[in-house]
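Below is one structure, written out as structure tokens; the observations come after it.
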Amino acid sequence: MAATETTSEQTVLDSVRKQLFIGGRWVDATGGETLPVEDPATGATLCEIADAKVEDAKAALAAADEAFKTFREVAPRERSDILRRAYDLITERTDELALLMTLEMGKPVAESKGEIAYAANFFRWYAEEAVRINGRFTVNETGAGRVLTMQQPIGPCLFITPWNFPLAMGTRKIGPAIAAGCSMVVKPAKQTPLSMLALAGILEQAGLPGGVLNVVTSKSSGTIMEPLIRDPRTRKLSFTGSTEVGRKLIEQSAEQVLKVSMELGGNAPLLVFEDADLDKAVEGALLAKMRNGGEACTSANRIYVHESVAQEFSERLAAQIGGLKVGRGTEDGVKVGPLIDEAQRSKVAELVEDAVGKGARAVVGGNRVDGPGYFYAPTVLADLPDDAMILREEIFGPVAPVITFRSDDEAIARANDTEYGLVAYVFTQDLNRAFRVCEALDTGMIGLNQGMVSNAGAPFGGVKQSGFGREGGPEGIDEYLETKYIAMNV
Ligand code: NAP
């Protein structure tokens, strides 16, 4: 079977180096083994990439450790310029990067372009922050002596990223780390390594010194990363992925008392109050639910609607969701691509079957889509019983469960009834209610009358089992800096 369908697809695939990027050189994995990358829309193999072994991962950390010694001294303006050049290169190459991302991850090309703009923006934002890393100087409260603080790069970092946003989940970490003067080893998800390999090529072209960024791809993530997490040269781990894996990595990080950031799973509630502008609420719910085909940690997982507007809201949402074209992300007009693999599709199908078996109703969708690839029909579920698994678990697919509520207190209590706390969405036109509800929700982020919160200039992150640490904004660079305090006797 042909790996790809058009010449431009093959050209884009051919343009990416398929090796490991270690110490500024492209190298094969020890033993020369490779692993396949699949197109989730067809199930066909797109290409083979290097399958790193423990020795390769250790070589990557050694390179990062060596590079840190000099990169920490590189002038802030120079670090800033590298990021800015990389931003420009990504932007110039948006079309080919978007096609590459769609091929490996499945989302429609228009959405891939959106992710590329978002991803690049972390480089522009942190190019601007690199020259604004400040300390402070104050007079001691006794009047004798002074307090001086300085911020210094933390050291070699490990980054582990998921498949759902193959570029942005990397640049959110790489941008601030470079701005701060850190070096790093990045391990992208095995399903979507190509975008990260392309990014390594771009950073190389932008003049990033060899060894500052190292990329290892592998089908044995746990085996190759655990020794690095336990290695005393590593000073920071930043992970984006599932809560289950995050928990394991936190345990491993305890050995060296690593500074850790965890961007984990979500179970986002979206609340529509009776005074909401329903046009905005439907539009916001559509975006919060269907962006990335529902495969987002920020995806609206539970849509709570006041009983007085629930029927109208559900019908309007179902009309919109039912009208979305499903297909390969490279085709015109497609709004929903395939899920990443059969395991993910089966999980979505199981959650829907469980809900329907317990009395829920599929207003639209509720089935797999035949043919090659891992497609699932965009779905709206109503009349959900409280014990439906779908209300507890992260769906990670194009399924919108709509539940009714009667009072603000009930809506808040149900929204907070989860171990996750990443993001919530609130639709109301009443300012007092908006503040009251936003203050009462146990989440790291809230979209108020909007269905998206992602923004390079804002602190992205969660509370409870959605993790800790923030990415983006001025807060994002703090994850890569240590504060040193000097007590001055003057
Ligand atoms: P995952 O299974 O946890 O995998 C994430 C990354 O961890 C992948 O690179 C994976 O490599 C690697 N990994 C898996 N097991 C590992 C181990 N034992 N040691 C070291 N690395 C390991 O998550 P996913 O299915 O890729 O991504 C979906 C999850 O990410 C969802 O829960 C979603 O909510 C979360 N997410 C959170 C955010 C956020 O900002 N909070 C953003 C996006 C996604 P392999 O590919 O080899 O398995």
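Numbering of residues begins at 1 and proceeds along the displayed sequence. Atom set for the values below is all heavy atoms of this structure, side chains included, hydrogens, waters and symmetry mates excluded. Here the structure is a predicted model, which is why all the values come from computation and not from measurement. Just follow the structure's listing: the first ligand is 1, and inside any ligand the first atom is 1.
Residues meeting the ring-ring contact (aromatic ring centres under 6.0 Å, His included) test with Phe396, sequence neighbours left out: Trp163. Residues satisfying the salt bridge (charged side-chain N to carboxylate O under 4.0 Å, His left out) criterion with Glu255, sequence neighbours excluded, are Arg230. For the ring-ring contact (aromatic ring centres under 6.0 Å, His included) test, residues two or more places apart in sequence or in another chain that qualify with Phe122 are Tyr118.
At distances below 3.5 Å, not a single donor-acceptor pair connects side-chain atoms of Asn449 with backbone N or O atoms of Tyr425. Proximity of a side-chain donor or acceptor of Arg25 to a complementary backbone N or O of Phe21 within less than 3.5 Å is not detected.
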Tabulate distances under 3.5 Å between N/O atoms of ligand 1 and N/O atoms of the protein, writing both atom names on each line.
residue  : atom   : partner : partner atom : Å
ligand 1 : 3 (O)  : Ser242  : N            : 2.8
ligand 1 : 3 (O)  : Ser242  : OG           : 2.6
ligand 1 : 9 (O)  : Thr161  : O            : 2.7
ligand 1 : 9 (O)  : Lys187  : NZ           : 3.0
ligand 1 : 11 (O) : Lys187  : NZ           : 3.1
ligand 1 : 11 (O) : Ser221  : OG           : 2.9
ligand 1 : 23 (O) : Ser242  : N            : 3.4
ligand 1 : 25 (O) : Trp163  : NE1          : 3.0
ligand 1 : 26 (O) : Trp163  : NE1          : 3.1
ligand 1 : 30 (O) : Gly241  : O            : 3.3
ligand 1 : 32 (O) : Glu394  : OE1          : 2.7
ligand 1 : 34 (O) : Glu394  : OE1          : 3.4
ligand 1 : 34 (O) : Glu394  : OE2          : 2.5
ligand 1 : 40 (O) : Arg172  : NH2          : 2.8
ligand 1 : 40 (O) : Glu263  : OE1          : 3.4
ligand 1 : 41 (N) : Leu264  : N            : 3.3
ligand 1 : 41 (N) : Leu264  : O            : 2.8
ligand 1 : 46 (O) : Lys190  : N            : 2.9
ligand 1 : 47 (O) : Lys190  : NZ           : 3.2
ligand 1 : 47 (O) : Ser221  : OG           : 2.4
ligand 1 : 48 (O) : Lys190  : NZ           : 3.2

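The one candidate from Asp386, Asp354, Asp387, Asp417 that meets the salt bridge (Lys or Arg N to Asp or Glu O under 4.0 Å) condition with Arg392 is Asp417.
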